[in-house]
Amino acid sequence: MGKRNVDFWTTRLISVYVVGCLLLSLIFTPQAYAQTTPPVVNFNCNAVGFKVQIAPINPTQIPAFSQSAVNCMAWQTFIALNWKANPQNPGQPDLTATAEQFGDPADSTDLVVWESYKDVSDVFRPNPVKSWKSPQLLPESFRQFKNIADLTPTSNFGFRPLTATSKFADGPDFILDETTQAFTNSWLTAQNQSLTFYEIRLNQDEYEYITQNNLTSPQAQQSCATGNAGLNLPSGSADSDCANNSANYGSDGAIEIKAAWVELKDSSLYPKYKISQAIIKGPNDPEPRQATMGLVGLHIIHKVTNGKQFVWATFEHVDNAPTPNDINNGNLKPSYTYYNHACNPQTDRYQCKFNYQPQPCNAGQQTGCDPYTAPVQVVRLNPIPSPSASLNRAVWSTITQVNPDSVFQNYQLIDTIWPNASSPIPPGATTPLNDGSPQSGTPNNYVANTTMETYLQQAVIPPTNQGGCLSCHVLAPIASPTKLGTKARVLLSLPKETLRQTQSNAPLASDYSFVFSQAQAIAKNIQPKLQEVGSSN
Amino acid sequence: MAFLEYFQPPANQNDFPNDPNKHQELLDFWTTNVSGWINQAIVGNPWNVTNASNQTFFYNPLYTIIPNTAAAAQIPWNAFPNRLSQYLKAGANPANPYNKSDAQILQLADSGYWQKPETPANSFPKIPTDLCPQVDWSNYQTNGHIYGPYGPRGWQDEYCEWSVTRDSNNNIIRIDFVCENSEYWHVLWKIDPEKVRELYEETLNYGVPPQQQISVALEDLQLLDPETNQPVIDPETKNPAYNPLNKWNSGPISVRTGDSRQFSGGAMHLTSTPNTLQTELGLAGAATVQRQIGNSDPQKLICCSQYGQAYRNSDPTIGRSVNQAVQGQGNANIACLADPVGLYIQMPDFNPESTSYSVSSQVKLPEGATVGDCWQIVRGQKSLVDSVTNEPFPGEYYDPVDPNLQGVGNFILHAVFQIPQSWQNLNDNKLTLSDILIQNQPIIWAGQVARTFNMSLYARPIPTTNTPPALDCVGTPTTLANQPLQLIYADLWNAYYNTSEPNPAGQLMPLASNTTFIITRVEQNQSGIQVVLTYAPVNSASPPIPTVEFSTVDDQNPNNQSVDSQIAAKVLGQPTLVSYAVPGNSYPSDYYALSLELDITSEAAVGVRGVRITDPGQIPAAFAPSVLNVVAAGTLSVNS
């Protein structure tokens, strides 16, 4: 989708682009999409000239500063990023795919665009940094397992490992923990007793910015953050490197994805989910194993020219969890992935308490710890606001008309947080960053994904004392070259006095992205002997 | 495609449904004034700044063909004052030294005091005046000023103000949210004071139990001379003038318990000095100018273009959105605010599946009741059809029942949040708003509700083949000129200026700050008219006696530079130093006032014209448009 990937489709686009699309072409990335009249969602986006289309068109600007407009942008991004990926060109859509194929269960083994983005563990790693097109491999920690040779790549982009331990090394201090929810040191178990797994992926624009500026080391991050331009992830145009030289990292702007997956033990559920194959290794699994995973949650954060504080959109599967109103009114679906209608307080591990946060074992504790297999009774504390809910219905209607089997009619936008006062990060900026006056459809910006912020749905986070994504991400630091840095999940548990001390020695900021602290994890954990295993070559 | 014939009142409100003559009179009056304010916005400020004048990408719909494809664009912002959080709340960025808790901020928003006792020490503290490129706290104790805007609810500065009624147990029983501009009520008063009285009484008693109802007297609404305590006669109408901060439209608290003779307070229209419609238009006009520093960062824009107040939800958002509407997406546009020009409250989300509101489980509800029943639209409408496109104005309201009200904008002018009597009947009249919860928290502050809805206005861009130039930021010219500000009848000025506004922080704030830019009307062949003209002089230390000239009629040509010899203005004495917030401004500043005596010949053309003030030896500068309206002889006396 970037300008650098000019191929014959791009040429074709220019020739066939209809006059009516001229306006949109300035909002959207120039696209090489074959379907010249894509299905259009019948919804007033409250933005002159902007409509959601079932097409791989990735918006590169906030189309208007209203909730409906940004929600439409979020759905358009979701469609573009869940388009079938180009098997030869990771991060790019397959432009031969049609709207009818969007979410078609028959294509369920194909990865979508965001799944072909770079896993964050392949970016923040010792030299040599992996090339954009290199396949994803299994982590070093898998070398210990006997069945390693039996595992096969899960797609033509390599392996998809989702583990309970760090990809870099075992130990309690890892950050890339794929069953631990952000900021809680806890996990989420579904009603089918499966753990929820997480992954973080970066698009090529962000990858290029990080690798071209050598930001995989803490020292380079510090130099960048104090450089003439500061650490400013690209927004798709007029970008620069750390030294403030003009640079082109692509035209999409930086995108980070955080996805939540759960194993689907019941194959009859496959047609309702975006599914993918993954190599999972939960704490109770003796060895890694391949499993069919269903997508239950998806965060998409996107930096654009008029949204320097990113646009934060979150989607979920419609069967995740009910709201208290749904429960009180008896307005329940037949079943939920994370809620049990028949939960019995007498027998349930957590007495059916809503959103009970399981407690891990303390050091040396052998008994009494909460088990990984005990389901959590999840409810959505913040209802999906009307602008999102109405847009969801409109998008589903169009998707269903195009392909009544599309799995994406089972995904819903929860809400979008966006900066009403977008402003770039100045050089040398420290945490907390300016939050850009975040707006959302949810009062107090309590925007949460029940699969990823299960236990923090109405959290007010110091020091901003606000809810929502930016309240925490303003604290994202660069990796510390000299000492253990400020880890976001630790911040929440710090007493106030400690927090003030942290603020007085505020670390340099990393443009709202916590992934940069992964460089520290490498510095601390990675050993020179590291070699990947399970190469797909 | 057509020119606009009349500017409609906000939300197309018709307050004279049974009197078409008065409605027409109001339309004429309103249209003249809105057009005048737009012309002022087009002229901008050619007197004492650079790069902020001749703003021709702002258009006047009376004289611009509007294609029926020119859809209006909604510009929304949250109703809760963002500056309270920015300057006073813990966690702001840049950090402030006050670190007030959220509860204290809510208390401050509702009362003007962050804690009891209600003394200036517990009210608004000092904040910086250095706001660009971002707020700088380093010298606020020496260079700062007390947090404003001042006035009895001046801090509610997002074009939404509210007044809270509590019962004897201090639980909230009613909240009045208003966004009606002050100008409209001044105009209405000039046409029919009794109508204003009637509307006050109807609106503030809407849904109120008999024992809490108020009786509004005309005298309650009249401007009193601060010395004699007698009503001040408006020379234009020959009737008592209007007091915008009257007993029933002042402050954030409505007293409706105890002795009914002690009842007071209420909210009928906006009173915070920057919350005026004339300013909203001026801001939009200034925001049309494209800037070389870039146009997407609202804080950069507001610093560069010097419009509005930084860190509000409203002004930076309005400015950036209008700016981007002109910039367009490929093709540039000219822009104006869409008719009906106004500010509008949007509905909170009360849809059963999505609302963050709930009712305490102990409450017995009538069949089919929802929490949305507590939100009652008293003035304005849920939606409006745009007369240009014949489609509903777009927005983010999704009615739970009506399929025609999906994705539309609301045009609410006055909403009341209170428990319906049908609920009270089932609950022994014991319910209060504490029985309503937002995100599971009982309502104890009106600000909790304000945070759940937006305000909005509409811009209407029209494509143009011209390209707006990108200008440098507003600067200081090498040659300054006197900047005319307000022209008001002397009797009115004297009363307004010498009356002080109450405000929690105890700041000196003349009631003149709550006057308006409604164009002063005089008649042909009228002489000896005593008026006051305020201005920002070139020589602010010792301004000389200037000459004052009026332009020929400027309706269609706000940059008109011709002097009208049919209007003579005699300056009476030396300029007098005055300190007040020019309507639309947040803070008082020092200006000068000229006492003038006007003589209008019988030959003077009917219509609106501008004024300029020239010091001896100075080259005459541009006229400030739309300050004086000459009407036909006998017109005003008919009204009296």
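Chain naming here is simple, since letters A, B, ... match the order of the sequence lines and numbering starts at 1 in each.
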Proximity breakdown for A/Asn420 and chain B, heavy-atom pairs closer than 4.5 Å
both
Can the ring centres of A/Phe315 and A/Trp75 be said to be less than 6.0 Å apart?
yes
Which bit of A/Ala389 comes within less than 4.5 Å of chain B, counting heavy atoms only: side chain, backbone, both or neither?
neither
Using heavy-atom distances under 4.5 Å, tell me whether A/Asn325 contacts chain B through its side chain, its backbone, both, or neither.
side chain
Which residue out of A/Ser423, A/Gly307, A/Ala238 racks up the most heavy-atom pairs below 4.5 Å with chain B?
A/Ser423
Proximal component of A/Ser386, with respect to chain B [non-hydrogen, under 4.5 Å]
both
Would you mind checking which part of A/Gln67 comes under 4.5 Å of any heavy atom in chain B, side chain (CB onward), backbone (N, CA, C, O), both or neither?
both
In terms of heavy-atom pairs under 4.5 Å with chain A, the winner among B/Val408, B/Thr355, B/Asn78, B/Ile438 is B/Thr355
Return yes if some donor-acceptor pair links the side-chain N/O of B/Asn295 with the main-chain N/O of B/Gln290 below 3.5 Å, else return no.
no
Please assess A/Ile425 against A/Tyr512 for the test side-chain contact (heavy atoms from CB on, under 4.5 Å), listing each intermediate value before the final yes or no.
CA-CA 10 Å; A/Ile425 310 305; A/Tyr512 308 95; 3.4 Å; yes
Relative to chain A, which segment of B/Asn313 carries a heavy atom at a distance below 4.5 Å: side chain, backbone, both, or neither?
both
Would you mind checking which part of A/Thr305 comes under 4.5 Å of any heavy atom in chain B, side chain (CB onward), backbone (N, CA, C, O), both or neither?
backbone
May I ask you to check whether B/Tyr458 and B/Phe393 place their ring centres under 6.0 Å from each other?
yes
If one checks every heavy atom of B/Gln134 against chain A at 4.5 Å, the contacting part turns out to be neither
Nearest-0.5 Å distance, CE of residue B/Met455 to OG of residue B/Ser314:
9.0 Å
Let's test your reading of the structure: which of B/Asp349, B/Thr452, B/Asn82 forms the most heavy-atom pairs below 4.5 Å with chain A?
B/Asp349
For B/Gln439, is it the side chain, the backbone, both, or neither that has a heavy atom closer than 4.5 Å to a heavy atom of chain A?
both
B/Tyr344 vs B/Phe411 aromatic rings, parallel, tilted or perpendicular, using cut-offs 30° and 60°?
tilted
Okay, B/Pro352 and chain A: the region with an atom under 4.5 Å from a heavy atom over there is backbone
Winner by heavy-atom pair count (cut-off under 4.5 Å) against chain B, out of A/Ala64, A/Ser66, A/Pro324, A/Pro443:
A/Pro443
Roughly how far, to the nearest 0.5 Å, is the CG atom of B/Asn68 from the OG1 atom of B/Thr389?
8.5 Å
Less than 6.0 Å separating the ring centroids of B/Trp375 and B/Phe453?
yes
All heavy atoms of A/Ile417 vs all of A/Ser440, minimum pair found to be CG1-CB, 3.7 Å
Shorter than 4.5 Å, heavy atoms on both sides: which option in A/Pro424, A/Gly441, A/Ala421 has the most such pairs with chain B?
A/Ala421
Validate the cation-pi geometry between B/Arg83 and B/Tyr311: distance from NZ or CZ to the six-membered ring centre under 6.0 Å, angle to the ring axis within 45°.
no
